[in-house]
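Here is the structure we will look at.
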Amino acid sequence: MDLKQRINKDKLPGHIALIMDGNGRWAKQRGEQRIFGHQHGVESIRDTVRTAGEIGVPYLTFFAFSTENWCRPVEEVETLMDLLVKAIQTETPELNENGVRIRAIGDLDSLPEKCRIQLEDAIALTSKNTRLTVNVALSYSARWEIVNATRKIAQKVANNELSPDEIDDTHFQQALETAGIPDPDLLIRTSGELRISNFMLWQLAYTELYFTPVLWPDFRGKHLIQAIIEYQRRERRFGKLKCQPPATINEVK
Ligand code: IPE
Ligand code: IPE
Ligand code: MG
């Protein structure tokens with residue numbers, strides 16, 4: 001049976017986040033420079049987006065470059081940024097035709113100007129699309145995001161627009177980079193590493209985690225489908241008991 005037909009359309013994850021890892025090791029295995037792996041990783045993104053679109057997953061987030069990745073050798077960082085500009089340039093028209101909305105999270109001001117402008121143009125061009133949102137985390141780290149959100153909220157308090165007692169989950173969510181995007185239901189990390197590496201620490205609170213040894217440049221739509229099938233076998237309880245009817249707020253109190 002076609003792998004895709006094993007997916008239960010009624011239990012699709014609304015948002016899948018991906019930590020794309022293993023490009024350097026993939027290149028090394030082939031006796032090539034690390035950038036060779038990053039170049040091949042673009043095809044993996046393309047195939048993942050295409051497959052998610054076909055299945056009907058509404059949100060994807062790709063962790064493309066972390067705050068900590070700035071500390072890599074300058075040549076790797078520069079080539080990665082060039083690759084990014086090129087990928088946005090070549091991929092955006094097709095993404096737009098297919099109803100994909102591009103978004104980005106992270107410290108975009110820290111990106112090289114050329115890169116930032118390309119990204120902003122792609123975001124503006126695709127902003128009205130509704131089929132699938134592709135969110136790219138660039139110069140992103142969850143601690144940076146949380147500190148930034150705290151600053152925004154503190155500023156509101158300082159301006160007397162908000163009292164400390166009023167600060168709740170919703171205020172915090174709205175101050176995060178991901179405001180308006182649902183929390184991921186499923187996180188996929190490639191390359192066999194079993195860690196989160198400063199990614200979406202707030203948003204992953206109840207996300208199902210899926211780790212695969214596949215290196216990112218080898219990742220394809222079939223791997224995404226395998227992850228979704230595994231996700232659909234899990235029982236999500238959110239701290240409650242199995243089969244517990246939904247409680248009203250009054251009952252909880
Ligand atoms: C992921 O692959 C891409 C980025 C972090 C930009 P890596 O470059 O981390 O590859 P490995 O983990 O060294 O193999
Ligand atoms: C995580 O991968 C960041 C991205 C995929 C962009 P890293 O390769 O930077 O993470 P560590 O260093 O293995 O934790
Ligand atoms: Mg890595």
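For the single chain, residues carry numbers from 1 onward in sequence order. The analysis underlying the following values was restricted to heavy atoms, covering all of them including side chains, and did not include hydrogens, waters or symmetry mates. Each ligand, and each atom within it, is numbered from 1 in the order the structure gives.
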Original post:
So which of Trp216, Phe199, Phe63, Tyr140 gets nearest to atom 6 (C) of ligand 2, if we judge by its closest heavy atom?
Top reply: Phe63
Original post:
Does the distance from a Lys or Arg side-chain N to an Asp or Glu carboxylate O, for Asp47 and Lys222, drop under 4.0 Å?
Top reply: no
Subject >> Close approach, Gly22 and ligand 1, non-hydrogen under 4.0 angstrom >> reply: yes
**OP:** State yes or no: do Leu138 and Leu80 share one hydrophobic cluster built from I, L, V, M, F, W and Y residues joined by side-chain heavy-atom distances below 4.5 Å, directly or via other members?
**Re:** yes
**OP:** Return yes if a side-chain donor-acceptor contact under 3.5 Å exists between Trp216 and Ser191, otherwise no.
**Re:** no
**OP:** Report yes or no: do Ser66 and Ser141 form a side-chain donor-acceptor pair below 3.5 Å?
**Re:** no
**OP:** Please determine if Glu235 and Arg237 form a salt bridge, counting it only when a charged side-chain N lies under 4.0 Å from a carboxylate O.
**Re:** yes
Original post:
Would Glu54 and Arg50 pass as an ion pair if we require N to O under 4.0 Å?
Top reply: no
Original post:
How close does the nearest protein non-hydrogen atom get to atom 14 (O) of ligand 2, and which residue and atom is it?
Top reply: Ser197 OG, 2.6 Å
Original post:
If you count the atoms of ligand 1 from 1 in the order shown, which ones are under 4.0 Å from a heavy atom of His38?
Top reply: 3 (C), 8 (O)
Subject >> Nearest-option assignment for atom 7 (P) of ligand 2, heavy atoms, candidates Glu193, Arg25, Arg72, Arg195 >> reply: Arg72
Original post:
Considering only protein heavy atoms, which is closest to atom 10 (O) of ligand 1, and at what distance to one decimal place?
Top reply: Gly24 N, 2.9 Å
**OP:** Verify the cluster assignment for Met20 and Phe63: are they in a single hydrophobic cluster under the rule of side-chain heavy atoms below 4.5 Å apart?
**Re:** no
Original post:
How does Phe65 reach ligand 2, if at all, at less than 4.0 Å between non-hydrogen atoms: by side chain, backbone, both, or neither?
Top reply: backbone
Subject >> Minimum-distance protein heavy atom relative to atom 9 (O) of ligand 2 >> reply: Asn69 ND2, 3.0 Å
Subject >> Steps toward side chain to side chain contact (heavy atoms under 4.5 Å, CB included) verdict (Ile167, Val157) >> reply: CA-CA 9 Å; Ile167 300 169; Val157 173; 4.3 Å; yes
Subject >> Over all atoms of both residues, closest heavy-atom pair of Val100 and Thr126 >> reply: O-CB, 3.3 Å
Subject >> ligand 1 N/O within reach of Asp21 N/O, cut-off under 3.5 Å >> reply: yes
Original post:
Any protein heavy atom lying closer than 4.0 Å to atom 12 (O) of ligand 2?
Top reply: no
**OP:** Go through the structure and list residues passing side chain to side chain contact (heavy atoms under 4.5 Å, CB included) with His40, not counting sequence neighbours.
**Re:** Trp26, Phe36, Pro217
**OP:** Considering only NZ, NE, NH1 and NH2 on the basic side and carboxylate oxygens on the acidic side, decide whether Arg30 and Glu32 come within less than 4.0 Å.
**Re:** no
Subject >> Atoms in ligand 2 flagged as close to Met20, the criterion being non-hydrogen separation under 4.0 Å >> reply: 5 (C)
Subject >> Residue, atom name and distance, where the atom is the protein heavy atom closest to atom 2 (O) of ligand 2 >> reply: Arg189 NH2, 3.7 Å
Subject >> Nearest atoms (heavy-atom pairs only) where Thr92 meets Ala122 >> reply: OG1-CB, 3.7 Å
Original post:
Against heavy atoms of Arg34, which atoms of ligand 1 measure under 4.0 Å?
Top reply: 7 (P), 8 (O), 10 (O), 13 (O)
Original post:
With distance as the sole criterion, is a donor-acceptor pair present between the side chains of His38 and Asn23 under 3.5 Å?
Top reply: yes
Original post:
With atoms numbered from 1 as shown, which atoms in ligand 1 lie under 4.0 angstrom from a non-hydrogen atom of Ala64?
Top reply: 6 (C)
Original post:
Which residues and atoms, protein N, O or S only, are under 2.8 Å from the Mg ion (ligand 3)?
Top reply: Asp21 OD1
Subject >> Best match, Ile19, Leu80, Asn23: closest heavy atom to atom 3 (C) of ligand 1 >> reply: Asn23
